[in-house]
Undergrad: 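One structure coming up, written as structure tokens, with questions to follow.
When a residue number appears, it is its place in the shown sequence, counting from 1. Source: prediction; values computed, not measured. Because only heavy atoms are used, hydrogens play no part in the values below, and waters and symmetry mates are left out as well, while side chains stay in. In listed order, ligands and their atoms are each counted from 1.
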Amino acid sequence: MTMDRPLLPLVPPAGERLAPFPFYADRRRRHPVAYDGGEGIWAVYRYAEVRRVLADSDTFSSNRGLTNRPRLAFPDRVPDLVNSDGARHRQLRDPIARFFTPASVARLEPRVSELVHRLLDRVVPTGRLDVVRDLADPLPLTLSIELLGIPPEDRERFLGWWSRWLVWRNERPPYRRNIARRRPGPWAEELDVYLRRLATQRVLEPRGDVLSTLVAMEVGGERLREEEILDGCALFLVAGHVPVTYLISSTVLTLLEHPEVLRRLRAEPAALPAAIEEVVRYRSPVQAVSRVPRRDTELAGAVIREGEEVIAWIGSANRDEARFDEPDRFDVDRHPNPHLGFGVGSHFCFGAPLARLQARTALTALLERLDNLERVEGEPLQASHNPFLYGTVRLPVRFTLAGGGRPAPPNRP
Ligand code: HEM
């Protein structure tokens, strides 16, 4: 156990981002609570500590503003919803979370199915598909943009701005807060102006979308400020998009690596939800989140001072041998499966039902329509360069059509 402050890299090496599990195992065994003096930041890797950091929001605040690390003149604004605690957090969260109750998500099922089949229709005749580019990326992005309330005629333009925003945002690793990003280009101004105008329209003419909810929201008796509304939009789009992309592509990748499970799921589609849940554990799309202690606190023998940020490695907790039997085995029959892939406690992911629906619909369609699925050789996998997320940025596969070469009838609503 470390009572001192060993100066350690807290993040898996860049070349191991798709296989960070031996790194995590070593940290769990030798440095379950580690400190990086250069960044002035801690990390925990074992299930017990990760769960405690996430669940004990009295001690471990989500308000990164409490951190005592230096901030720059051009800081990232962290949206309030993921950055607040207690009553304020609930007032921000509850109105948006209402979009994702089981009943609301069930109403989205026909639209998700329509989108999946439309995306597949474009590529299926070619016998090849890049799971990320052609399906796993556009599906959640389109859905998120629709739920936010971007009108259909503006979506193309909006996607252009948004893809630039994502590139700009990914230029710096999330834990390196004291390194500046370069200033974004003129597109950022255009996006800003566009969203401000749309937000004003929604004040005058509310619709049943997320943006209308954000502009009408009252927190502590006050409406959100314009910046807070824009931050809310960005959070909603990021949170609802990238992890779902990686969940879908990691599920395909994992099934390609486990052909016996792929065969079983074709014969027994009812096992698909359990398989997807096991992917959330086995290749957790969100690998890490951070918290800031409000007071000096002991964690597994180490004393963490108030204001010293802590990274909780969900991806490591979900492979902890102290919590899961044979954690490195992909086991569709794992039951119970108490993974932390969607978080735990007051910040638990309210988008989980929608993420599950999209993954289930996408995988069902792939299994129904495609046979002999295999990776295209010579196409190495490339990891997300954000170490807090796990996924491959491309996954080219080839296949034959199910039903002996004829396109199977799409299962449209
Ligand atoms: C596989 C897909 C997904 C994964 C793995 C995932 C994972 C997570 C995790 C780990 C957290 C907890 C963050 C923390 O404790 O600080 C979280 C929170 C959140 N997720 Fe997800 N998420 C997914 C999909 C979605 C979707 C589809 C949406 C929206 C439609 C969404 C919206 C959110 C929001 C807004 C929060 C913040 C909630 C709060 O702070 O109260 N997520 N997610």
Side-chain angles (χ1 to χ4, degrees), residues 50-57 60-64 78-101 104-105 108 112 136-137 139-149 174 209-210 213-214 219 231-251 273 276-292 309-318 339-363 384 386 388-391:
V50 170
R51 195 176 195 295
R52 169 150 175 239
V53 167
L54 295 184
D56 180 2
S57 54
F60 295 97
S61 171
S62 287
N63 184 353
R64 280 82 175 179
V78 182
D80 227 8
L81 172 56
V82 283
N83 199 23
S84 58
D85 302 306
R88 179 171 177 82
H89 170 242
R90 272 196 308 280
Q91 287 175 21
L92 284 159
R93 175 182 161 108
D94 290 351
I96 307 288
R98 261 184 241 129
F99 284 82
F100 303 98
T101 60
S104 309
V105 169
L108 293 172
V112 174
D137 183 61
L139 173 66
L141 181 55
T142 310
L143 209 60
S144 300
I145 286 178
E146 289 180 7
L147 289 169
L148 181 63
D209 51 34
V210 169
T213 307
L214 283 169
V219 181
D231 287 351
C233 294
L235 167 69
F236 180 77
L237 291 176
V238 172
H241 169 208
V242 184
V244 181
T245 299
Y246 289 149
L247 174 59
I248 294 172
S249 56
S250 287
T251 305
I276 290 166
E277 217 55 35
E278 175 67 346
V279 176
V280 178
R281 181 194 73 83
Y282 186 73
R283 286 189 153 126
S284 310
V286 173
Q287 290 280 298
V289 297
S290 72
R291 296 288 191 265
V292 184
E309 200 164 343
V310 183
I311 305 175
W313 284 95
I314 290 174
S316 174
N318 284 342
H339 68 73
L340 302 176
F342 289 116
V344 66
S346 55
H347 287 265
F348 181 83
C349 175
F350 57 62
L354 181 59
R356 291 178 177 121
L357 170 66
Q358 291 180 80
R360 199 178 69 233
T361 310
L363 265 294
S384 153
N386 178 346
F388 281 28
L389 297 173
Y390 180 103

Undergrad: Does the residue Val280 have a heavy-atom contact with ligand 1, meaning some pair of atoms that are separated by less than 4.0 Å?
TA: no
Undergrad: In ligand 1, which numbered atoms sit nearer than 4.0 Å to a non-hydrogen atom of Gly343?
TA: 10 (C)
Undergrad: Identify, for atom 14 (C) of ligand 1, the protein heavy atom at the shortest distance, and state residue, atom and that distance.
TA: Arg291 NH2, 3.4 Å
Undergrad: Return a yes/no value for Arg93: is any of its N or O atoms, backbone included, closer than 3.5 angstrom to an N or O of ligand 1?
TA: yes
Undergrad: Would you name the heavy atoms of Ser62 and Asn83 that are closest together and state the gap between them?
TA: O-OD1, 3.0 Å
Undergrad: Given side chain to side chain contact (heavy atoms under 4.5 Å, CB included), test Val242 with Asn386 step by step and report yes or no.
TA: CA-CA 11 Å; Val242 184; Asn386 178 346; over 6 Å; no
Undergrad: Would you mind checking which non-hydrogen protein atom is closest to atom 40 (O) of ligand 1, with the distance to 0.1 Å?
TA: His347 ND1, 2.5 Å
Undergrad: For atom 11 (C) of ligand 1, what is the closest protein heavy atom, and at what distance to 0.1 Å?
TA: Phe342 O, 3.9 Å
Undergrad: For His89, state whether at least one heavy atom is located under 4.0 Å from any atom of ligand 1.
TA: yes
Undergrad: To check you understand the geometry: which heavy-atom pair defines the closest contact between Arg281 and Ser284, and what is its length?
TA: O-OG, 3.1 Å
Undergrad: Ignoring hydrogens and geometry beyond distance, is a side-chain donor-acceptor pair present between His241 and Ser144 at under 3.5 Å?
TA: no
Undergrad: Taking all atoms of both residues into account, what is the closest heavy-atom pair of Tyr390 and Arg283, and its distance?
TA: OH-NE, 3.0 Å
Undergrad: Below 4.5 Å, heavy atoms only, C-beta onward: do Leu143 and Val112 meet side chain to side chain?
TA: yes
Undergrad: Backbone, side chain, both or neither: what part of Phe99 comes under 4.0 angstrom of ligand 1, heavy atoms only?
TA: neither
Undergrad: Mind checking whether Arg356 has a heavy atom under 4.0 Å from ligand 1?
TA: no
Undergrad: Answer yes or no: does an N/O atom from Gln358 fall short of 3.5 Å to an N/O atom of ligand 1?
TA: no
Undergrad: Which heavy atom of Arg93 sits nearest a heavy atom of Ser346, and at what distance?
TA: NH1-O, 3.3 Å
Undergrad: At what distance is the nearest protein heavy atom to atom 13 (C) of ligand 1, and which residue and atom is it?
TA: Val289 CG1, 3.8 Å
Undergrad: Around atom 20 (N) of ligand 1, find the nearest protein heavy atom and jot down its residue, atom name and distance.
TA: Cys349 SG, 3.2 Å
Undergrad: Just to confirm my output: which protein heavy-atom neighbour is closest to atom 29 (C) of ligand 1, and how far is it?
TA: Gly240 CA, 3.7 Å
Undergrad: Any side-chain to backbone donor/acceptor pair from Asn318 onto Leu340? Under 3.5 Å, distance only.
TA: yes
Undergrad: Between Arg90 and Asp94, is there a side-chain N and carboxylate O pair less than 4.0 Å apart?
TA: no
Undergrad: Taking atom types as modelled, is there a side-chain donor on Asp85 or Ser57 under 3.5 Å from an acceptor on the other?
TA: no
Undergrad: At a 4.0 Å threshold, what atoms of ligand 1 neighbour a non-hydrogen atom of Gly341?
TA: 5 (C), 7 (C), 10 (C)
Undergrad: Identify the closest protein heavy atom to atom 25 (C) of ligand 1: which residue and atom is it, and at what distance?
TA: Ala239 O, 3.3 Å
Undergrad: Only heavy atoms of Phe100, strictly under 4.0 Å: list the atoms of ligand 1 that pass.
TA: 30 (C)
Undergrad: Quick one: does atom 36 (C) of ligand 1 have a protein heavy atom under 4.0 Å from it?
TA: no
Undergrad: Counting each atom of ligand 1 from 1 as listed, which ones have a heavy atom of Phe350 under 4.0 Å away?
TA: 35 (C)
Undergrad: Distance under 4.0 Å to a non-hydrogen atom of Pro243: what atoms of ligand 1 satisfy this?
TA: 1 (C), 2 (C), 3 (C), 4 (C), 23 (C)
Undergrad: Considering all heavy atoms of both residues, which atom of Phe100 and which atom of Pro353 are nearest to each other, and what is their separation?
TA: O-CG, 3.7 Å
Undergrad: Is Ser62 in contact with ligand 1, taking contact as a heavy-atom separation below 4.0 Å?
TA: no
Undergrad: Number the atoms of ligand 1 from 1 as they appear, then name those within less than 4.0 Å of a heavy atom of Leu247, with their elements.
TA: 1 (C)
Undergrad: Could you check whether atom CZ of Arg356 has more than 12 heavy atoms from other residues, nucleotides or ligands sitting under 6.0 Å from it?
TA: yes
Undergrad: Check Gln358 against Leu139 and note the closest heavy-atom contact, atom names and distance.
TA: OE1-CG, 3.7 Å
